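The structure displayed is predicted, hence computed values, not measured ones. So that the names make sense, note that chain A is the first sequence line, chain B the second, and so on, each numbered from 1.
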Protein chains: 2
Amino acid sequence: MSPRPGLDQTAVVQAAARLADRDGFHAVTLASLAAELGVRSPSLYNHINGLPGLHAALTLHGLRTLLQGLMKAVVGKSGEDALRQACLAYVEFARTHPGLYEAALQPIAPEQTEVIQAGDSVVELLLQILTPYKLTTDDALHTVRCIRSFCHGFCSLERSGQFAMNLNRDDSLAFMIDVFIQGMNLKAGEV
Amino acid sequence: MSPRPGLDQTAVVQAAARLADRDGFHAVTLASLAAELGVRSPSLYNHINGLPGLHAALTLHGLRTLLQGLMKAVVGKSGEDALRQACLAYVEFARTHPGLYEAALQPIAPEQTEVIQAGDSVVELLLQILTPYKLTTDDALHTVRCIRSFCHGFCSLERSGQFAMNLNRDDSLAFMIDVFIQGMNLKAGEV
DNA sequence: TATATTAACTAATATTATTAGTTTGTGCAA
DNA sequence: TTGCACAAACTAATAATATTAGTTAATATA
């Protein structure tokens, strides 16, 4: 054990995630985080590399949590069912952890290899789900980008209040997934 | 004419848009904007209502510019062609004006009626494009949300460096639009 | 028991947004 | 031409932020 084992990086990042989900990603400042932890803000520098380092750690934590949610949702399922459940789990994660999800989608720099790896894991999971469709390598990757695009876009627009009309949002989500799956069935049949 | 007609709100917002596109939306601070305009930051308060007011004005400017781009892209076109061109124009706008696009998608508060109206105009344009599909009112609105979701998701992920793999991004975009249009053709045929 | 390690601290600095109050340039009317 | 009203831009000051430097003190271990 370290001397005075009060905080560690995990505790700091989890508190930051709590703060982000409660008050929004932009509200995660070193000042607010230090207050949340009952500590002075310079003390945080012992655990994270300033505000940029905190953001990077949150991004990584968010991606890994997202991946776990997706894996849990598709285990034991296959084909269209797995695809549908993965999309729903993606949105579910973004809804229950809005701040952490926002952190997960922050711009990433090329030197953040851990973050890139975590993102790749999500891509690989989706690729596995797509194997029944027997797509070419490129088409499978295009499809993964497609899934990520409409799932992220939906979450992002919903979160920022752009779906203001009086129309059930879960219905919209189901509609969108339907259109995608039907389009994919045609793509698969093309070969 | 006003006395000392150096700046006005339009000039301020346009400079902010320039700054956002060059250095990113987060880099638009009153300090950087004042420096860009050769003025002291308190002077900006004569034209915009602080940083929140500046952001709101940028959001509005972004949405209106986006709408113009979409209208220009679909004029004289119809059906599938119009749909495809609208999606491409959407992405094109986000690519050429990344900071302004980011501003356009900022969370909006219920009291920002002008911003909400601008967003509604985009929705209405898309609804018009969809009329040939003869959808029910609800399905048309679901479809608009779908289009906005995958277009925005694609732009957002591309922008934040999440499409890192060595795979042509325009091909992915075309693939995505194809899947959507094929799925919609089935939806339309269902009736 | 003494020491090395390191967590957390205080103090200080730079940058930011913001408010209050002042100066000053411009257009218009007497 | 002169003076006034208006408003744009200013300076000064305040509060909050991130960050760095250097200090204190708690703990594990030799």
d(CG, A:L44; P, D:dT20) in whole Å: 13 Å

A:S43 side chain near C:dA7 phosphate (N/O to OP1/OP2, under 4.0 Å): no

Flag side-chain contact, heavy atom, 4.5 Å: B:S172 against B:F163: no

Rounded interatomic separation in angstrom, taking CD from B:Q9 and C1' from D:dA7: 16 Å

Between P of D:dA18 and NE2 of A:H26, the distance in whole Å: 13 Å

Residue of the set B:F175, B:F150, B:F154 for which ring-ring contact (aromatic ring centres under 6.0 Å, His included) holds with B:F180: B:F150

Heavy-atom side-chain proximity of A:D138 to B:N168 below 4.5 angstrom: no

Phosphate OP1/OP2 of C:dA8: any A:H47 side-chain N/O under 4.0 Å: yes

Residue B:Y45, side-chain atoms from C-beta onward, closest of C:dT16, C:dT19, D:dA9: C:dT19

From D:dA18, D:dA9, D:dT11, nucleotide with atom closest to A:L30 side chain: D:dA18

Interatomic distance, A:I48 CD1 vs D:dA18 C1' [rounded to whole Å]: 11 Å

Nearest-nucleotide pick for A:T29, side chain only, options being D:dT19, D:dT17, C:dA20: D:dT17

Atom pair distance, as rounded to whole Å: CG in B:L37 and P in D:dA9: 9 Å

Geometric class of the A:Y101/A:H152 ring pair [parallel <30°, tilted 30-60°, perpendicular >60°]: tilted

Atom-to-atom span, CG of B:L33 to P of C:dA17 - whole angstrom: 9 Å

Side chain of A:R40 - closest among C:dT10, C:dT18, D:dA18: C:dT10

Closest nucleotide among C:dA7, D:dA8, D:dT11 to the B:N46 side chain: D:dA8

Test item: B:Y90 and B:I147 side chains (from C-beta on) under 4.5 Å apart, heavy atoms: no

Side chain of A:L7 (C-beta onward), nearest among C:dA8, D:dA18, C:dT16: C:dA8

Whole angstrom value for the distance that separates C1' of D:dT19 from NE2 of A:H55: 15 Å

